[in-house]
Amino acid sequence: MSLVNDGWIKTTCAYCGVGCGVEARPKLTGELEIRGDQSHPSNYGKLCTKGIALGDTIIHDGRILAPTKKSQTGDQQTDDEELNWENATQMVAEQFTQAIERYGPDSVAFYVSGQLLTEDYYVANKLIKGFIGTSNIDSNSRLCMASSVVGHKRAFGSDSVPVCYEDLEHAEMIVMVGSNLAWCHPVLFQRLRSAKQNNPELKIVVIDPRETESCTIADYHLALKSGSDVALFNGLLSFLSRHNYLDQDFIQSHTNQLEKALTAAESDSDLLEAATGLTQSELMRFFKDFSTTSNVVTVYSQGVNQSSIGSDKVNSILNCHLASGKIGQVGSGPFSVTGQPNAMGGREVGALANTLASHMEFDNPEHHALISNFWQTENLATKPGLKAVDLFDAMAEGKIKAVWIMATNPMVSLPDSAKIKKALKTCPFVVVSDCIADTETTRMADLVLPAQGWSEKSGTLTNSERRISRQRRIMPSPGMAKPDWWIISQVACKMGYRDAFTYRHEGEIFREYAELSTQGNRNGERDFTLIGLTQLDEQGYSQLVPQQWPVTQVQKEVINQRLFSDGHFYTPDNKANFVPVRHQPPKTTCDSRYPLLLNTGRTRDQWHTMSRTGLSARLGEHKSEPYVQIHPKTAKEHSVQRNQMIKLHNAHGECLARAEITEQIQPNQLFMPIHWNNATAKNSKPCNLIAPHTDNHSGQPEFKHSPVALTVCKHQSRASFASRTVMNFNSLDYWARQKIAEGYLYHIESTLNAYELASYLKSQLKHNVDRVVSHESSEDEALYRFITFVEDKVMQAIHVQSIQGVHPINELSNILTARFSAESESEILAVL
């Protein structure tokens with residue numbers, strides 16, 4: 001397989017856990033062409049909207065160009081100081097060393113990310129667990145798949161995802177549970193849609209409180225009550241038993257504890273309809289379809305994992321697959337689809353607080369000895385560290401004296417944002433590695449380090465089907481940006497651990513990581529092994545094609561391996577465990593104060609906190625502002641009109657969003673995307689509202705079930721403000737920023753009347769312009785327009801109107817964007 005063809009370089013997408021192969025080609029203009037890699041087994045050339053727009057995001061707008069020591073007084077930024085790498089890494093080393101010497105190793109922590117490459121992840125985990133001697137390293141993957149890790153380990157003895165993507169094409173029935181595959185893993189959804197077209201007999205069932213785009217190809221949709229998944233799958237397990245659909249041969253030969261699981265499931269039988277909100281006929285249809293279909297894949301994601309009982313939800317699903325023998329075979333199995341590009345890689349290297357590297361465990365003395373010997377350290381951590389929410393709790397209590405945050409934005413993504421802000425303010429030293437200068441988290445940092453972004457860095461990542469792919473360097477790095485592994489290694493050397501961190505390039509790290517996977521594992525004692533990749537030289541690493549683990553020898557062609565096809569599991573007796581689970585209601589419930597239930601998740605064209613996708617004008621066109629879905633009945637009860645700005649609030653905080661009235665949501669429930677935050681909108685961050693309730697086993701927060709109240713905002717005026725540069729409108733009631741061609745478009749609403757808002761916005765126009773063209777109506781007409789020019793180029797454009805004005809909000813924004821993009825003054829005046 002040629003890795004470079006006519007200038008096209010093979011790499012891997014930076015977004016979700018599908019791990020799509022991408023081909024990229026630099027242009028002489030500095031832009032990057034993008035197309036799907038037709039040879040990559042994850043996507044065979046298909047890309048989603050975000051993948052197609054990857055080239056839009058390599059612009060240098062907002063990039064960190066040098067290590068920066070930040071000076072702060074409260075929330076006010078003062079003069080920052082640029083450092084060279086020698087001084088910056090020395091500063092990190094000294095601050096961490098001082099904290100360790102004074103307060104012990106558990107006084108420091110790393111908070112890392114599923115957007116790191118495996119080599120970065122590995123070096124970070126090695127430094128903090130192996131040499132600093134604490135397990136206080138956790139990943140933002142804790143927020144998306146930690147419950148699946150617990151469920152897998154309890155049932156299988158290892159964190160093993162048993163299926164392959166091609167099982168979607170071979171299944172006779174697909175069950176999507178808590179997964180809007182169409183928007184969150186679009187290329188897998190495209191594969192599934194094609195499978196349905198090729199085989200109309202394929203049954204597809206969507207189980208979700210909300211009607212999503214995934215329902216467009218479903219045979220039926222089960223709109224179960226939020227948090228009732230365990231009751232539903234316990235009902236299925238009981239049905240399998242009562243109606244003789246258990247696979248007795250598989251159960252007797254390969255499993256333990258079925259009776260305990262059945263007893264627990266039967267105890268939920270009386271509350272099945274009440275708990276799930278589903279009718280008897282809906283339940284029986286699903287139970288019969290699952291039971292009588294030979295090959296079933298259950299795809300599940302955040303609707304299962306992000307729960308205070310997420311681990312039990314996972315095991316309720318696994319129990320049904322084990323009981324029916326629908327696992328380890330072509331077209332069958334439970335399938336956890338991960339949210340981030342390298343969430344799986346983080347699980348492999350041990351970058352979670354409760355695991356060691358290479359699927360080895362703290363409670364196994366042999367594993368501890370193997371890693372200590374391999375890393376040549378006497379300081380390997382001996383116990384689990386603090387999981388994400390607990391870590392920031394400890395920080396807020398003053399127990400963490402230094403924290404290093406890498407490639408993630410916890411000020412936006414963790415629940416209870418006010419507490420996270422307090423934690424970072426309390427911590428004496430906060431260092432953040434990122435590629436974007438202005439995020440809510442970099443605003444809280446003492447030191448910001450410029451890391452390479454996608455297209456600049458090089459390494460590997462592992463997708464949801466355990467397939468390792470290369471991400472390759474294509475573009476030069478702006479300013480002083482460096483790979484994360486290099487930054488970490490420089491700090492490690494300055495802390496006195498030079499002999500263990502003398503890496504020259506990422507290929508050396510990968511070989512070490514592969515070799516670690518073989519320790520005590522030459523005969524397949526553990527599921528995860530890369531023994532076939534331990535002899536890669538630099539050329540072999542450079543040209544590495546996708547490999548699906550376990551890798552016993554280099555895979556020169558695409559293979560698809562299912563785990564457990566031989567009935568062998570990774571428990572002490574090599575049998576899978578049924579895990580008895582019971583339905584439990586979520587930890588919070590709606591009441592008279594907070595009568596509405598808020599669900600959060602992703603929208604189609606944005607990613608996490610928008611620091612990268614927010615740079616693409618075309619991605620901003622799908623949903624240009626924060627929005628909240630609300631049922632027509634609920635909207636009428638609360639006097640909410642279409643496109644009105646509403647405020648959601650509870651005891652934890654509040655946030656603003658535009659009302660999207662739709663029957664896709666159930667009455668008295670709301671859905672809001674997670675992406676907008678204080679860097680891209682004012683007061684529109686849903687994590688302001690989310691309580692820090694977590695699963696007792698996995699530590700994963702409950703993002704899908706937050707009681708809130710709703711108030712209609714009493715705004716009088718709205719405006720659109722287009723500018724070539726980023727603006728600051730924080731003195732206004734509401735704004736949201738959208739990337740447009742050659743600039744930014746701000747959507748604004750205010751309690752000021754139109755005249756007052758127009759006067760304020762006019763005062764924000766740049767003064768170093770050639771002229772201003774304006775139209776100012778009477779106060780009765782309440783319509784105002786201003787445009788500034790430098791020569792014939794529009795620099796800023798404003799359109800202000802009363803909320804009762806004639807233009808619908810999208811039309812207003814489209815008019816302004818067209819005006820801003822016009823090439824001559826005559827075109828502008830024609831629009832006016």
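Residues take their numbers from the sequence shown, with the count starting at 1. Just so it is clear, the structure is predicted and the values come from calculations on it, not from any experiment.
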Quick check: are there more than 12 heavy atoms from other residues, nucleotides or ligands sitting under 6.0 Å from NZ of K419? yes
Should K153 and E361 count as side-chain neighbours, where that means a heavy-atom distance under 4.5 Å? yes
Any donor-acceptor pair under 3.5 Å linking the side-chain atoms of W486 with those of Q452? no
Residue pair M360 / I371, side-chain heavy-atom distance below 4.5 Å: yes
Between OG1 of T442 and CG of L449, what distance do you get to the nearest 0.5 Å? 11.5 Å
Answer yes or no: is there a donor N or O on one side and an acceptor on the other, between the side chain of T377 and the main chain of G130, under 3.5 Å? yes
How far apart are the C-alpha atoms of T439 and T609, what are their side-chain angles, what is the distance that settles it, and do they pass the side chain to side chain contact (heavy atoms under 4.5 Å, CB included) test? CA-CA 9 Å; T439 71; T609 63; 5.9 Å; no
To the nearest 0.5 Å, atom CD of E456 lies from atom CD1 of I474 at 10.0 Å
Is the backbone of L352 close enough, under 3.5 Å, to the side chain of R347 for a donor and an acceptor to pair up by distance? no
If you take all heavy atoms of I488 and A124, which pair is closest and at what distance? CD1-CB, 3.8 Å
Residue pair Q98 / E94, side-chain donor-acceptor N/O under 3.5 Å: no
Value for CZ (F110) from CG (L391), rounded to nearest 0.5 Å, stands at 12.0 Å
Look at the aromatic rings of H152 and F156 and report parallel, tilted or perpendicular, splitting at 30° and 60°. parallel
Donor-acceptor under 3.5 Å (D138 side chain, A353 main chain): yes
Any side-chain heavy atom of C655 within less than 4.5 Å of one from L689? yes
Compare all side-chain heavy atoms of W85 with those of Q490 and state whether any distance is below 4.5 angstrom. no
Any idea how F528 and H359 line up, ring-wise: parallel (<30°), tilted (30 to 60°), or perpendicular (>60°)? tilted
State whether a side-chain donor-acceptor pair under 3.5 Å links T57 with S616. no
Sole residue of L530, N521, T529 in side chain to side chain contact (heavy atoms under 4.5 Å, CB included) with P550: T529
Quick one, Y513 and E119 - any side-chain contact, counting heavy atoms below 4.5 Å? no
What orientation do W375 and F131 show, parallel under 30°, tilted 30 to 60°, or perpendicular over 60°? tilted
Ionic contact status for K494 with E86, cut-off 4.0 Å: yes
Pairwise distance CG(L83) to CD(Q90) - rounded to 0.5 angstrom: 11.5 Å
D80 and T68 side chains, donor-acceptor separation under 3.5 Å: no
Mind running side chain to side chain contact (heavy atoms under 4.5 Å, CB included) on Q471 and L461 for me, showing each step along the way? CA-CA 7 Å; Q471 203 174 90; L461 35 73; 3.4 Å; yes
Using only heavy-atom distances, determine whether the side chains of S139 and Y121 contain a donor-acceptor pair under 3.5 Å. yes
Side-chain donor or acceptor of R63 paired with backbone N/O of C435 under 3.5 Å: yes
With a 3.5 Å cut-off and no angle check, do the side chains of Y503 and E512 form a donor-acceptor pair? yes
Any side-chain donor paired with an acceptor under 3.5 Å for E348 and T462? yes
Got a donor-acceptor contact below 3.5 angstrom from the Q606 side chain to the R602 backbone? no
Donor-acceptor pair, side chain of R142 and main chain of S698, under 3.5 angstrom: yes
Is it the case that the side chains of T502 and R498 hold a donor-acceptor pair, with the cut-off being a distance below 3.5 Å and no angle test? no
Looking at T534 and A514, would you say the former's side chain and the latter's main chain have a donor-acceptor pair under 3.5 Å? no
Is the closest side-chain heavy-atom distance between L424 and I405 below 4.5 Å? yes
Applying side chain to side chain contact (heavy atoms under 4.5 Å, CB included), run through L54 and Y15 and close with a yes or a no. CA-CA 9 Å; L54 276 165; Y15 297 122; 3.5 Å; yes
With a sphere of 6.0 Å drawn around CD of E378, does it hold more than 12 non-hydrogen atoms of other residues, nucleotides or ligands? no
Are V412 and T441 close enough that some pair of their side-chain heavy atoms sits under 4.5 Å apart? no
Looking at R470, is its backbone amide N or carbonyl O close enough to the side chain of T12 to form a donor-acceptor pair, meaning the two atoms are under 3.5 Å apart? yes
Taking N342 for the side chain and Q115 for the main chain, is one N or O donor matched with an acceptor at less than 3.5 Å? no
Tell me whether K126 contacts the main-chain N or O of A500 through its side chain, where contact means a donor paired with an acceptor under 3.5 Å. yes
Do S307 and Q700 have side-chain atoms, one donor and one acceptor, less than 3.5 Å apart? no
Considering residues, nucleotides and ligands other than K383, do more than 12 of their heavy atoms fall under 6.0 Å from its NZ? no
Minimum side-chain heavy-atom gap I132-L127 below 4.5 Å: yes
Could you state the interatomic distance from CG (L356) to NE2 (H368), rounded to the nearest 0.5 Å? 6.5 Å
Start with the C-alpha gap between K70 and E82, add the side-chain angles, then the distance that decides, and say whether salt bridge (Lys or Arg N to Asp or Glu O under 4.0 Å) holds. CA-CA 9 Å; K70 309 199 82 171; E82 287 192 2; over 6 Å; no
